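Report on one structure; see the data block that follows.
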There are 2 protein chains.
Amino acid sequence: MKHEDSHQHSQQDSHQHSHHNHNDCIDTALETAETLCAEQGQRLTKVRRRALELIWESHRPLGAYQLLAKLAEEGFNSAPPTVYRALDFLLSAGLIHKVESMNAYLGCAHADKAHKGYFLICDECHNVMEFDYQDIHAALIEKAAHQGFELRAETIELTGLCAKCKEKSAGANA
Amino acid sequence: MKHEDSHQHSQQDSHQHSHHNHNDCIDTALETAETLCAEQGQRLTKVRRRALELIWESHRPLGAYQLLAKLAEEGFNSAPPTVYRALDFLLSAGLIHKVESMNAYLGCAHADKAHKGYFLICDECHNVMEFDYQDIHAALIEKAAHQGFELRAETIELTGLCAKCKEKSAGANA
DNA sequence: TACAATTTTGTTATGATATAACAAGTAAAA
DNA sequence: TTTTACTTGTTATATCATAACAAAATTGTA
């Protein structure tokens, strides 16, 4: 069974933002974004670029209006279409994912790879891990095809308890 | 590879409701609901029961406000909490599923079986098939566990083109 | 450059989905 | 029958998202 890459967006378990530094991820993501947009003749404008950065800077999936507030603080227009347009752009460029069950948006860690967004979402700390699982993808395609269904997009969102929170709650019970 | 049951909720491909008769499904679902609620000491009140029926009568996942309108027509209270309370009850009893990517609700065809709702959603006709796929379920549990994650719930929503719509569009191109 | 075409952004308004909070009613248990 | 738990009514509001059209910026082209 082939192994898959995974990406933990946060290293903390409280609701506060803090010193966690994943600047490398952010830088990489932004560079990838620049490259992809350039290749495809897409314009990564100021507001789109900044929206993408802010999404990456968040340790958790970010709601549209949370993002809008951050943008507004920085002098961007504060009307909803501003943020939804940026989100639409980033989504269709494959630079972010929408977590449907949270109505929130998350930076995509492998925008260059043409993949599906599979997520593990912790009920407790609300951190989200993205994972890529080729076996499941293949099985779903096969399964759909078996019913004559041509698969185009997948929403795979798994909720439960992450390792840290499981440990913590076990500790609390002991 | 083991096979799984599936359930096609609609037999038509237009947006209109019509003579399609899945009264048997509805009757079975309602009986199951009665039984399950009785067993668990839950009260399937008038509005909850009627909400469940209306969801089943729909050929597609039903939005909360669509359902609310139908209930209101029949003399039930027309304020949003009425419908959301009924939906919450039915969801937690496992009698319906929420399709997150559509913000809509669907009768659950195997409420008695304790399963996950996996869906195939046609982009064209918006019909939804529920399917149950033990292999994928097992693989997901294993995959999550491998990262120390304890899985509690799964949202698996696959979109694309159903057999009928694929046929139709092929016909149009010929 | 000047012009047209295209894309992006600004702006106002509204639609769609969902919940908070507290009062009143109803059914079940003691 | 009184208490308790649960369910429903009611008003208000929070949250998520888009329609429609005007203005500005960018790009392509003569």
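For clarity, every value in this text was computed on a predicted model and none was experimentally measured. Proteins come first, then strands; the chains are lettered A, B, ... in the order of their sequence lines, and each starts at number 1.
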The side chain to side chain donor-acceptor pair (under 3.5 Å) partners of A/D88 (sequence neighbours excluded) come to none
The complete set of salt bridge (Lys or Arg N to Asp or Glu O under 4.0 Å) pairs with one or both residues in residues 28-40 of chain B, sequence neighbours excluded, reads B/E34-B/R49
Planes under 30° and centres closer than 5.5 Å, is that true for A/Y65 with the base of D/dT15?
-> no
List in numerical order all residues of residues 81-93 of chain B for which some heavy atom is under 4.0 Å away from an atom belonging to DNA chain C.
-> B/P81, B/Y84, B/R85
Give B/F76 one of three labels, base, sugar-phosphate or nothing, depending on what nucleic acid heavy atoms sit under 4.0 Å from its own.
-> nothing
For DNA chain C, the residues among residues 42-52 of chain A that have a non-hydrogen atom under 4.0 Å from it | A/R43, A/T45, A/V47, A/R48
Is the closest side-chain heavy-atom distance between B/L95 and B/C108 below 4.5 Å?
-> no
Would you mind reporting whether B/V47 and B/N77 have side-chain heavy atoms less than 4.5 Å apart?
-> no
Quantified as the angle between the terminal helix axes (five pairs each), what is the overall bend of the helix from C/dT1-D/dA30 to C/dA30-D/dT1 to 10 degrees?
-> 30°
Integer-rounded Å distance: D/dA17 C1' and B/M102 CE | 16 Å
Side chain to side chain contact (heavy atoms under 4.5 Å, CB included) involving A/E74 - partner list, sequence neighbours excluded | A/R50, A/L54, A/F76
Could I get the full list of side chain to side chain contact (heavy atoms under 4.5 Å, CB included) partners for A/Y65, not counting sequence neighbours?
-> A/L68, A/P80, A/Y84
For DNA chain C, which nucleotides open and close the run of contacts to chain A, 5' to 3', at under 4.0 angstrom from a non-hydrogen atom?
-> C/dT7 to C/dT12
Taking only N and O in the side chain of A/N103, is any of them less than 4.0 Å away from OP1 or OP2 of D/dT15?
-> no
Quick one: list whatever passes side chain to side chain donor-acceptor pair (under 3.5 Å) with B/T159, sequence neighbours left out.
-> none
Whether A/E157 side chain and A/S101 backbone form a donor-acceptor pair below 3.5 Å | yes
Name all residues meeting the side chain to side chain contact (heavy atoms under 4.5 Å, CB included) criterion together with A/R43; count only those two or more places apart in sequence or in a different chain, and write none if there are none.
-> A/T45, A/R48
Sequence-distant partners of B/D27, side chain to side chain contact (heavy atoms under 4.5 Å, CB included), two or more places apart | none
d(CG, A/L67; C1', D/dC16) in whole Å | 13 Å
Apply side chain to side chain donor-acceptor pair (under 3.5 Å) to A/E100 and list each qualifying residue two or more places apart in sequence or on a separate chain.
-> none
Quick one: do A/I96 and A/I26 end up in the same hydrophobic cluster if we chain Ile, Leu, Val, Met, Phe, Trp and Tyr together by side-chain heavy atoms under 4.5 Å apart?
-> yes
Could you verify whether a donor N or O on one side chain and an acceptor N or O on the other, from B/Y118 and B/E154, lie under 3.5 Å apart?
-> yes
